[in-house]
Amino acid sequence: MTQEPTNPNPMPQGSAALGQRLRLREPDDWHLHLRDGAMLKAVAPYSARQFGRALVMPNLQPPVITVAMAEAYSRRIGEALAGEQTEHFRPFMTLYLTDNTSCEEVDRAAQSPHVLAFKLYPAGATTHSDAGVTNLQALDPVFERMAEKGVVLCIHGEVTTPEVDVFDREARFIEERLIPLRHRHPELRIVFEHATTREAVDYVRQANAPIAATITPQHLLYNRNALFRSGLRPHYYCLPVLKREPHRQALVAAATSGSPRFFMGTDSAPHDRTLKEADCGCAGCFSAPFALELYAQVFDEAQALDRLEAFASHFGADFYGLPRNAGEVELLRQDHCIADRLSHEGHTLVPLAAGQVLRWQYAGRLESSLPRSQSLQVSSA
Ligand code: DOR
Ligand code: ZN
């Protein structure tokens with residue numbers, strides 16, 4: 001393992017005592033990029049190792065715009081996993097909302113057991129969002145149908161107007177797009193994805209139901225200084241971009257508050273190292289390999305480990321109207337250093353928090369959760 005010369009973001013000390021174990025109901029990742037082809041094969045096992053289910057984003061090239069495409073993608077995800085993992089991990093799919101999405105596609109999505117939501121990318125907001133929506137109001141009949149059928153709308157909440165500062169895009173989206181949208185469709189079930197600002201969590205907390213938000217590990221762990229610590233740090237660049245410290249604190253307060261409106265969604269978004277460390281580096285943090293450990297670090301530092309399970313394993317399933325997972329996973333309090341690079345299937349990936357020490361280590365599913373005749377060694381703490 002190659003070490004970076006300096007640790008860009010040393011983690012503060014956690015509060016729990018040595019030798020502790022943390023047992024959680026099996027968690028779900030409600031916002032995940034799995035990609036396709038060789039990259040899918042490289043990254044899917046990481047999520048399947050830690051999570052029971054995931055909501056898979058549709059921003060492939062070409063985007064996943066129909067139920068038929070989503071079901072084919074879901075099959076490819078299954079094929080990318082080894083047998084035991086397939087048994088343990090269920091991908092749920094999203095459809096990419098475009099200016100041409102039809103009410104009939106909403107009906108088909110509502111009937112599909114594989115599709116849970118549509119994903120709204122404002123055109124130009126992020127990676128592969130060229131096919132995104134240019135005029136929200138023109139889609140009112142589609143939103144109406146989604147509300148009628150109880151299909152969730154997942155939103156990348158940023159305006160894309162070039163004059164608006166990149167750090168203000170989320171707050172402006174809430175004022176200019178989300179509030180009018182919810183006014184027109186109060187029944188529409190919405191997940192405000194990867195909330196990054198105080199404005200977003202305040203809005204979601206006080207809004208009339210049904211609305212919730214996912215929060216990523218990077219926005220909980222880092223403020224925007226992480227992007228510039230001793231030089232430019234492309235592996236901390238994602239969209240929406242990291243914000244100022246008061247926003248990070250507001251996100252930690254929301255995630256650890258015990259409010260069912262906030263739940264886990266990593267937004268793990270792998271890009272090959274060469275595409276991150278480039279003239280025009282891609283947005284996205286690859287957090288899947290250590291996702292639970294990263295969240296555990298946040299909850300530990302906030303002295304809220306007792307609230308991690310609900311955030312990780314209850315509130316998302318409840319919002320999507322699914323049963324909570326039956327199995328359990330375990331983390332051990334054990335310092336470990338995150339690898340600088342992970343190489344698979346011809347791709348080299350730099351995980352979020354590479355080179356840093358985390359205090360909790362994922363130990364696996366508990367034996368009772370494993371399929372027949374399989375057992376997983378959990379080292380004694
Ligand atoms: O940082 C990001 N990466 N934000 C997104 O919205 C998309 C994602 C990706 O697909 O790479
Ligand atoms: Zn995303």
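Please read these numbers as outputs of a predicted model, since none were measured by experiment. Just so you know, residue 1 is the first one in the sequence shown, and it goes up from there. Atoms within each ligand, like the ligands themselves, are counted from 1 in listed order.
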Output yes when a side-chain donor or acceptor of His219 lies under 3.5 Å from a complementary backbone atom of Pro240, and no otherwise.
yes
Using salt bridge (Lys or Arg N to Asp or Glu O under 4.0 Å) as the criterion, list what pairs up with Arg198, not counting sequence neighbours.
none
Can you name the residues that form a salt bridge (Lys or Arg N to Asp or Glu O under 4.0 Å) with Arg75, not counting sequence neighbours?
none
Test your reading of the structure: does [X] have an N or O sitting under 3.5 Å from an N or O of ligand 1?
{"X": "His271", "value": "yes"}
{"X": "Tyr121", "value": "no"}
{"X": "Gly284", "value": "yes"}

May I have the step-by-step check of salt bridge (Lys or Arg N to Asp or Glu O under 4.0 Å) for Arg248 and Glu245, ending in yes or no?
CA-CA 5 Å; Arg248 189 193 69 82; Glu245 177 62 12; 2.8 Å; yes
What I want to check is whether the side chains of His88 and Arg49 have a donor and an acceptor closer together than 3.5 Å.
no
Checking side-chain polar atoms at under 3.5 Å, does His336 have a donor or acceptor matched by the opposite partner on Tyr362?
no
If you measure from each non-hydrogen atom of Cys238 to ligand 1, which part falls under 4.0 Å: side chain, backbone, both or neither?
both
Atom pairs and distances, donor-acceptor, side-chain atoms in residues 274-281, under 3.5 Å, two or more places apart:
| from | atom 1 | to | atom 2 | distance (Å) |
| --- | --- | --- | --- | --- |
| Thr274 | OG1 | Asp272 | OD2 | 2.7 |
| Lys276 | NZ | Pro234 | O | 3.0 |
| Lys276 | NZ | Tyr237 | O | 3.0 |
| Lys276 | NZ | Cys282 | O | 2.9 |
| Lys276 | NZ | Gly284 | O | 2.6 |
| Glu277 | OE1 | Arg273 | NH1 | 2.8 |
| Glu277 | OE2 | His235 | NE2 | 2.7 |

Atoms of ligand 1 close to Ala269 [distance to a heavy atom under 4.0 angstrom, numbered from 1]
3 (N), 8 (C), 9 (C), 11 (O)
Here the atoms of ligand 1 under 4.0 Å from any heavy atom belonging to His156 are 6 (O)
Ligand 1 contacted by Glu193 (non-hydrogen, < 4.0 Å)
no
Say whether Arg35 and ligand 1 are in contact under the criterion: heavy-atom distance to a ligand atom below 4.0 Å.
yes
Which of parallel (below 30°), tilted (30 to 60°) and perpendicular (above 60°) describes Phe299 and Phe311?
tilted
Parallel under 30°, tilted from 30 to 60°, perpendicular over 60°: which one fits the rings of Phe143 and His185?
perpendicular
Among protein heavy atoms, which sits nearest to [atom], and what does the distance come to when rounded to 0.1 Å?
{"atom": "atom 10 (O) of ligand 1", "value": "Asn59 ND2, 2.8 Å"}
{"atom": "atom 1 (O) of ligand 1", "value": "Leu239 N, 2.8 Å"}
{"atom": "atom 5 (C) of ligand 1", "value": "Thr126 OG1, 3.0 Å"}
{"atom": "atom 3 (N) of ligand 1", "value": "Ala283 O, 3.0 Å"}

Please name the residue in the list Thr216, Thr266, Leu352 that meets the side chain to side chain contact (heavy atoms under 4.5 Å, CB included) test with Leu294.
Leu352
Tyr320 and Phe92 aromatic centres sub-6.0 Å:
no
Which residue, Gln361, Arg359, Gln50, forms the side chain to side chain donor-acceptor pair (under 3.5 Å) with Glu293?
Gln50
Heteroatoms of the protein, restricted to N/O/S, which lie under 2.8 Å from the Zn ion (ligand 2)
His31 NE2, His33 NE2, Asp267 OD1
